[in-house]
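Data first, discussion second: the structure below is written as structure tokens.
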Amino acid sequence: MDIAEKRIPQDGRHTLKFEDREIDLRISSFPTINGEKMVLRILNKALAKTSIEDLGMGEETRNEFMRLLKKPEGMLVVTGPTGSGKTSTLYATLNYTKAMEKNLVTLEDPVELEIEGVNQGQVYDHPEFSFASGLRAILRQDPNIILVGEVRDKETAQIAIQAALTGHLVLTTLHTNSAAAAIPRLIDMGIEPYLLTASLVGILAQRLVRVICPHCREEHHAPDEMVRSLLANADPASVKLYRGKGCPRCTNGYKSRTGIFELLTVDDEVQRLISRGAQTPEVRAKARERGMTTLRDDAIRKALAGVTTIDEVFRVTFVDM
């Protein structure tokens, strides 16, 4: 970063030593009328060894996700807003798939963590090395599994789908609020519905919730209206919920974070809905009918299990989820 330049946004990286550990920082600056706004993103190198079991998926969702990763071809999309843990999920996915002794190639912007045994490529600020041009080059490297950091435009989406149609498993990300919303997002980019039905195998949506500190966790009674809004037919007096009262080992009763997930498997029924141009609510309703656990359902399960609080459920999920 140019320390003399304060008029334009900048991105940079830094590495420091802390308690015999090496910490990577991603730095972003943004000029405001009162000076530069700075954000530091801490990259934990332990993520490079994260497993799918560590992400916080429910057993059914995890088993189905791992089944989709064993497919020889198709496109698997991970969705969620910035900071929802998509990078952790992708690196855990790479750790799982590299054990299959396949040729894994990634195209990232930037490469945040290095993973042994994976061919990681980084997009540079160069007209001849964009996601689209890099993806074309990867297809000539005889890959089995391709990870594209993000589908940002029609050209990249088209090449990724062509790769999925020609014998490759493609992993990528989108920014959408739910799994079902990824379908109209790709169509808005200019992808024909018939190509989606032929290539898309699954969509995983996720968020992060804070975990209750295990050292100061206590049972508490939430307001009845809050409980009824989550569990319509439940007796509020019989529902056990938990919170952290706060202690020297945590921050306001929370310690670390975990994921909540919804996995939409693109089966024959969903393919038929995509082909006839069904809207997001209809696709979502059909997926729930066929057993999909929504983000809100997963968050509620974690609240009832004492993993997180009811406040976190309301903070990270919408009422219709």
Side-chain angles (χ1 to χ4, degrees), residues 43-108 111-120 143-151 160 164 168-176 178-179 182 200-211 255-267 287 291-299 301-302 305 307-308 316:
L43 298 178
N44 182 1
K45 290 192 173 182
L47 288 177
K49 299 180 180 179
T50 299
S51 69
I52 292 177
E53 289 80 2
D54 298 329
L55 297 175
M57 290 184 188
E59 185 177 0
E60 290 183 7
T61 300
R62 183 175 67 249
N63 290 340
E64 178 64 9
F65 184 64
M66 294 168 80
R67 185 187 71 82
L68 294 177
L69 290 174
K70 293 177 182 177
K71 285 181 173 287
E73 58 190 38
M75 187 164 76
L76 183 57
V77 181
V78 179
T79 76
T82 301
S84 61
K86 297 190 296 296
T87 298
S88 298
T89 298
L90 289 177
Y91 282 134
T93 300
L94 290 177
N95 282 323
Y96 175 74
T97 53
K98 76 177 183 180
M100 302 177 188
E101 298 184 355
K102 294 186 177 183
N103 182 9
L104 278 69
V105 186
T106 77
L107 190 61
E108 306 172 57
V111 172
E112 296 188 352
L113 298 168
E114 295 181 15
I115 300 181
E116 185 179 355
V118 177
N119 304 293
Q120 294 175 268
N144 301 116
I145 299 175
I146 303 170
L147 186 148
V148 183
E150 183 182 346
V151 171
H168 308 88
L169 179 63
V170 178
L171 310 173
T172 191
T173 69
L174 278 176
H175 289 87
T176 62
S178 66
L200 205 56
V201 297
I203 307 167
L204 179 75
Q206 66 178 81
R207 299 288 191 281
L208 291 177
V209 294
R210 292 179 291 178
V211 175
K255 191 175 179 68
S256 79
R257 296 185 296 177
T258 190
I260 57 172
F261 302 88
E262 67 177 28
L263 178 60
L264 192 161
T265 300
V266 183
D267 56 15
M292 181 183 79
T293 299
T294 66
L295 289 169
R296 194 169 181 85
D297 293 338
D298 196 23
R301 289 180 184 179
K302 286 182 168 64
V307 174
T308 190
V316 300

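If you read the sequence from its start, that first residue is 1, and numbering goes on from there.
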E108 side chain reached by L147 side chain, heavy atoms, under 4.5 Å = yes
inquiry  = Any non-hydrogen side-chain atom of K70 less than 4.5 Å from a side-chain atom of Y96?
reply    = yes
query = With distance as the sole test, does T173 use its side chain to make a donor-acceptor pair with the main-chain N or O of G149 at under 3.5 Å?
reply = yes
ask   = Is K71 atom NZ crowded by more than 12 heavy atoms from other residues, nucleotides or ligands, each under 6.0 Å away?
value = no
ask   = Do T97 and M100 come close enough that some side-chain heavy atom pair is under 4.5 Å?
value = yes
note = In this structure, CD of E53 is separated from CG of N95 (nearest 0.5 Å) by 10.5 Å
ask   = Within the distance-only criterion (no hydrogens, no angle test), does the side chain of K86 pair as donor or acceptor with the backbone N or O of H175 below 3.5 angstrom?
value = no
key: Minimum heavy-atom distance G202-V266, with the two atoms named   = N-CG2, 4.0 Å
ask   = Does some side-chain heavy atom of T89 sit less than 4.5 Å from a side-chain heavy atom of L55?
value = yes
remark   = Closest non-hydrogen contact found for M75 with A164 is N-CB, 3.8 Å
request  = Using atom types as modelled and distance alone, determine if a side-chain donor or acceptor of N103 lies under 3.5 Å from a backbone N or O of N144.
outcome  = no
query = Is the shortest heavy-atom distance from the side chain of L69 to the side chain of L171 under 4.5 Å?
reply = yes
message = Quick check: closest heavy atoms across I52 and M66, and the distance to 0.1 Å?
response = CD1-CG, 4.1 Å
task = Look up atom CG in L68 and atom CG in L204, then write down how far apart they are to the nearest 0.5 Å.
result = 9.5 Å
remark   = When every non-hydrogen atom of A182 is compared with those of T79, the smallest separation belongs to CB-CG2, 3.9 Å
inquiry  = Quick check for you: to the nearest 0.5 Å, what is the distance between F65 atom CZ and L76 atom CG?
reply    = 5.0 Å
query = Is the backbone N or O of L113 less than 3.5 Å from a side-chain atom of Y91, with the two atoms forming a donor-acceptor pair by type?
reply = yes
Atom pair CG (L208) and OG1 (T258), whose distance is rounded to the nearest 0.5 Å = 8.0 Å
request  = State, with a plain yes or no, whether a side-chain heavy atom of E262 is found less than 4.5 Å away from one of L264.
outcome  = no
remark   = Rounding to 0.5 Å, atoms CE (M292) and OG1 (T265) come to a distance of 9.5 Å
inquiry  = Quick one, R210 and R257 - any side-chain contact, counting heavy atoms below 4.5 Å?
reply    = yes
remark   = Heavy-atom nearest pair, K98 first then I115, reads NZ-CG2, 3.8 Å
Heavy-atom closest pair, residues A179 and A205 = N-CB, 3.4 Å
message = Quick check: do Q206 and M57 have side-chain heavy atoms less than 4.5 Å from each other?
response = no
ask   = Between atom OG1 of T308 and atom CD1 of I260, what is the distance when rounded to the nearest 0.5 Å?
value = 8.5 Å
ask   = Is it true that R67 and E64 make a salt bridge, defined as a side-chain N closer than 4.0 Å to a carboxylate O?
value = yes
ask   = Is D298 salt-bridged to K302, cutoff N-O under 4.0 Å?
value = yes
message = With a 3.5 Å distance limit and no angle check, can you tell me whether T50 reaches the backbone of A92 through a side-chain donor-acceptor pair?
response = no
